[in-house]
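See below for the structure under consideration.
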Amino acid sequence: MSLKIYNVLSRQKEEFVPLTPGKVNIYVCGPTVYDFSHIGHAKTYVSFDVVVRYLRFLGYDVLYVQNITDVGHMLDTGEDRILKKARQTSALPMQVVETYTRAYFEDMDALGVRRPDISPRASAHIPEQIAMIEQLIKEEHAYVHDGSVYFSVASFPEYGKLSGRVVEELEEGARIAVREDKRHPADFALWKKAEPEHILRWPSPWGEGFPGWHIECSAMSAKYLGDTFDIHGGGIDNIFPHNECEIAQSEAAHGAPFARYWMLTGSLTLDGIKMSKSLGNTMSIKDALARWRAEAIRTFILSSQYSNPIDFSDEAIEAAYKGWQRIWGAVSLTREQLRHAAPGEITPDVMAMLAVTREQFIERMNDDFNAPGALAVLQDLTRQVNGLINEGGPQTQGTLAAIDALFRELGGDVLGIVPDREEGGADAEREDGLVRLLIDLRNRARANKEWATADTIRNSLKELGIVLEDRADGTIWKLG
RNA sequence: GGCGACGUGGCCAAGUGGCAAGGCAGAGGUCUGCAAAACCUCGAUCACCGGUUCGAAUCCGGUCGUCGCCUCCA
């Protein structure tokens, strides 16, 4: 069975056939760096992280580009949001940009999101954007008015094909501000003339100004991925106008199809309400990471299909965390057993079971990256491994190593929820040694039926976040 | 008003024509010094109405409801 992707452009699931066999070029709309990233960003970027990880798992040579918007993203007051932040914090605009770009990568790193191959900044691609605008003017898809340049929606009949919007209806909409300088209310800015107080400015054929928000994605995706590329991703909330404008600009300028598959992630609500800067009900990734470990957040996000909306709540993420603990418990148990397992080959039964698991996992992921289904497969594996180790007696090195390898491959490499080892930094080994020493002392007490001493050690460790579990074959510990 | 998603057991959620995955919570059991973990067992006619079909959660029509977008937002 081959990979199928739900293509928003065609509104149906399609078999994925890359432009160039074996290679996938993918572009995902990145963040505007004027504030800390929130858990909505986490949903989108964790989702695409898994998409890219899975494509690589399948053997594709993936080139993943994700922009950093550091200019041109305006508020409806006409003020650039980065300039606004700079003014509020008495900082230079590029200081603001640098601060939040770094914070964004820190957050993504902490969430286990692998970095894109290229993270181009809008401000570093002004010449490319100007060149593209000139091309659009030449092709009569854009016009100049008083130092600004607008894209003419009327010149591109397919405008609206992604979002299902119809230009005529937009015209009637009362919510689109009619600007004197636009020929059509739906026309959008490619280049804006900079007023004297606007610090972020560049020279252009039309005078000093700055690029419109949409053009960066068109210019930078073309530069790094080509006029036509395989997958374009982003959050569903940007389908209109942003994504629609990208398509119009790119296809009008290049005379070639833009992205072939459009994948858009569902929005995230917080306690049932849409999270937005204007409403003020946001939760930053840093806040979330202070309360839950990254794997719990990833598991929560991957518990529903990427295209569906999800609601973030304490109950929901707690349930996801408990579910993750089951998987992690089986992985830890496997690795613990592996420390002193007898040499030996993998048994045929286990080999067959692992092969079926791997097959089912791939089947689920091939169905439009069905991560929830893939998680269910890992839960089945978890149940079988627990049964095998707890009831099936001691397992050989070969068996345990194969189980561990499969967890690493599917849960680790693809989903990013099974770490190579429990975190603990440089002191991890020392900590492990100390805990094992305490376990040894406690077990001597238990042998003498000194239950009070044994329980004191266990309870004290629990307060430090270390949980002991007495098994028939020995005591193991884990972080609670 | 327009566009688009969605409504599956207490909660989350997979499943696009053929006996309804998985997780969380709950109940009972096994194991255990106790605990924890684990394992076993137990639960849904899939919002409602009508239609197509031998057969529908899945297709079609309608009703009700929730959410997102249309203005900055991943």
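Below, all heavy atoms of this structure are taken into account, side chains as well, without hydrogens, waters or symmetry copies.
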Whole angstrom value for the distance that separates [atom2] of [N] from [atom1] of [X]:
X: A/Y306; N: B/A13; atom1: OH; atom2: C1'; value: 17 Å
X: A/D311; N: B/G7; atom1: CG; atom2: P; value: 15 Å
X: A/Q305; N: B/U8; atom1: CD; atom2: P; value: 17 Å
X: A/F361; N: B/A14; atom1: CZ; atom2: C1'; value: 14 Å
X: A/L302; N: B/C12; atom1: CG; atom2: C1'; value: 14 Å
X: A/W477; N: B/A36; atom1: CH2; atom2: C1'; value: 16 Å
X: A/D314; N: B/C12; atom1: CG; atom2: P; value: 15 Å
X: A/L381; N: B/G22; atom1: CG; atom2: C1'; value: 13 Å

Please name the nucleotide paired to [N] by Watson-Crick or G-U wobble geometry with both distances under 3.5 Å, or report none.
N: B/G9; answer: none
N: B/C48; answer: B/G62
N: B/G55; answer: none
N: B/G4; answer: B/C67
N: B/C19; answer: none
N: B/C34; answer: none

Contact nearer the 5' end of RNA chain B, comparing A/Y45 with A/Q384
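Here A/Q384 is the residue nearer the 5' end.
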Quick one: on RNA chain B, does A/Y6 or A/G30 contact a more 5' nucleotide (nearest heavy atom)?
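Looking at the nearest nucleotide for each, A/Y6 comes out on the 5' side.
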A/N370 side-chain N/O to B/G15 phosphate OP1/OP2 under 4.0 Å:
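For A/N370, the contact criterion (side-chain N or O under 4.0 Å from OP1 or OP2 of B/G15) is met.
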Please state whether the phosphate of B/C39, meaning OP1 or OP2, lies under 4.0 angstrom from any side-chain nitrogen or oxygen of A/N386.
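Yes, because at least one side-chain N or O of A/N386 sits under 4.0 Å from OP1 or OP2 of B/C39.
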Is the ring pair A/W324/A/W328 parallel, tilted or perpendicular, if the boundaries are 30 and 60 degrees?
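It falls in the parallel class, under 30°.
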Distance between the [atom1] atoms of [N] and [M], in whole angstroms?
N: B/G23; M: B/G15; atom1: C1'; answer: 15 Å
N: B/C48; M: B/U8; atom1: C1'; answer: 14 Å
N: B/G55; M: B/U16; atom1: C1'; answer: 15 Å
N: B/C11; M: B/G17; atom1: C1'; answer: 29 Å
N: B/C19; M: B/A56; atom1: P; answer: 12 Å
N: B/C54; M: B/C42; atom1: C1'; answer: 34 Å

[atom1] of [X] to [atom2] of [Y]: how many Å apart, nearest 0.5 Å?
X: A/N366; Y: A/E15; atom1: CG; atom2: CD; result: 10.0 Å
X: A/I247; Y: A/L9; atom1: CD1; atom2: CG; result: 5.5 Å
X: A/Y27; Y: A/I231; atom1: OH; atom2: CD1; result: 15.0 Å

Run the side chain to side chain donor-acceptor pair (under 3.5 Å) test on A/Q66 and A/Y64 for me, step by step, so that the C-alpha distance in whole Å, both residues' side-chain angles and the decisive distance to 0.1 Å come before the verdict.
CA-CA 7 Å; A/Q66 184 191 106; A/Y64 178 16; 2.9 Å; yes
Closest approach to the side chain of A/A376, judged atom by atom: which nucleotide of B/A38, B/G4, B/G22 is it?
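Side chain of A/A376 sits closest to B/G22.
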Taking only the side-chain heavy atoms of A/D380 (C-beta and beyond), determine which of B/G22, B/A74, B/A14 contains the nearest atom.
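My answer, after comparing the listed nucleotides, is B/G22.
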Looking at A/I301 and A/S47, what are the two nearest heavy atoms and their distance?
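Looks like CG2-OG, 4.0 Å.
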Measure from NZ or CZ of A/R165 to the centre of the six-membered ring of A/F240, then state whether that distance is under 6.0 Å and the direction lies within 45° of the axis.
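The answer is yes, since A/R165 meets both limits relative to A/F240.
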Kindly confirm or rule out a cation-pi arrangement of A/R183 over A/Y150, judged by NZ or CZ under 6.0 Å from the six-membered ring centre and within 45° of its axis?
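Judged by the rule (NZ or CZ under 6.0 Å from the ring centre, within 45° of its axis), A/R183 is not positioned above A/Y150.
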Assess the pair A/F229 and A/F258: is the distance between their ring centroids shorter than 6.0 Å?
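That pair passes the under 6.0 Å test.
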All N/O contacts under 3.5 Å from nucleotides 24-35 of chain B to the protein, with atom names and distances to one decimal?
unit_1: B/A25; atom_1: OP1; unit_2: A/K322; atom_2: NZ; d: 3.4
unit_1: B/G33; atom_1: O6; unit_2: A/R442; atom_2: NH2; d: 3.4
unit_1: B/G33; atom_1: O6; unit_2: A/R446; atom_2: NE; d: 3.4
unit_1: B/G33; atom_1: N1; unit_2: A/D455; atom_2: OD1; d: 3.1
unit_1: B/G33; atom_1: N2; unit_2: A/D455; atom_2: OD2; d: 2.9
unit_1: B/C34; atom_1: O2; unit_2: A/R458; atom_2: NH2; d: 2.5
unit_1: B/C34; atom_1: N3; unit_2: A/R458; atom_2: NH1; d: 2.9
unit_1: B/C34; atom_1: N3; unit_2: A/R458; atom_2: NH2; d: 3.3
unit_1: B/C34; atom_1: N4; unit_2: A/D470; atom_2: OD2; d: 2.9
unit_1: B/A35; atom_1: N6; unit_2: A/D470; atom_2: O; d: 3.0
unit_1: B/A35; atom_1: N1; unit_2: A/D470; atom_2: N; d: 3.0
unit_1: B/A35; atom_1: N3; unit_2: A/R458; atom_2: NH1; d: 2.9

Start with the C-alpha distance between A/V24 and A/F16, add both sets of side-chain angles, then the distance that settles side-chain contact (heavy atoms from CB on, under 4.5 Å), and finish with yes or no.
CA-CA 10 Å; A/V24 179; A/F16 177 66; 3.7 Å; yes
Are any protein N/O atoms closer than 3.5 Å to N/O atoms in nucleotides 67-69 of chain B? If there are, list each pair with its distance.
unit_1: B/C69; atom_1: OP1; unit_2: A/K274; atom_2: NZ; d: 2.9
unit_1: B/C69; atom_1: O2'; unit_2: A/R165; atom_2: NH2; d: 3.2
unit_1: B/C69; atom_1: O2; unit_2: A/R165; atom_2: NH2; d: 2.7

Check the side chains of A/Q337 and A/D473 for a donor-acceptor pair under 3.5 angstrom, ignoring hydrogens and angles.
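Present: a donor and an acceptor within the cut-off.
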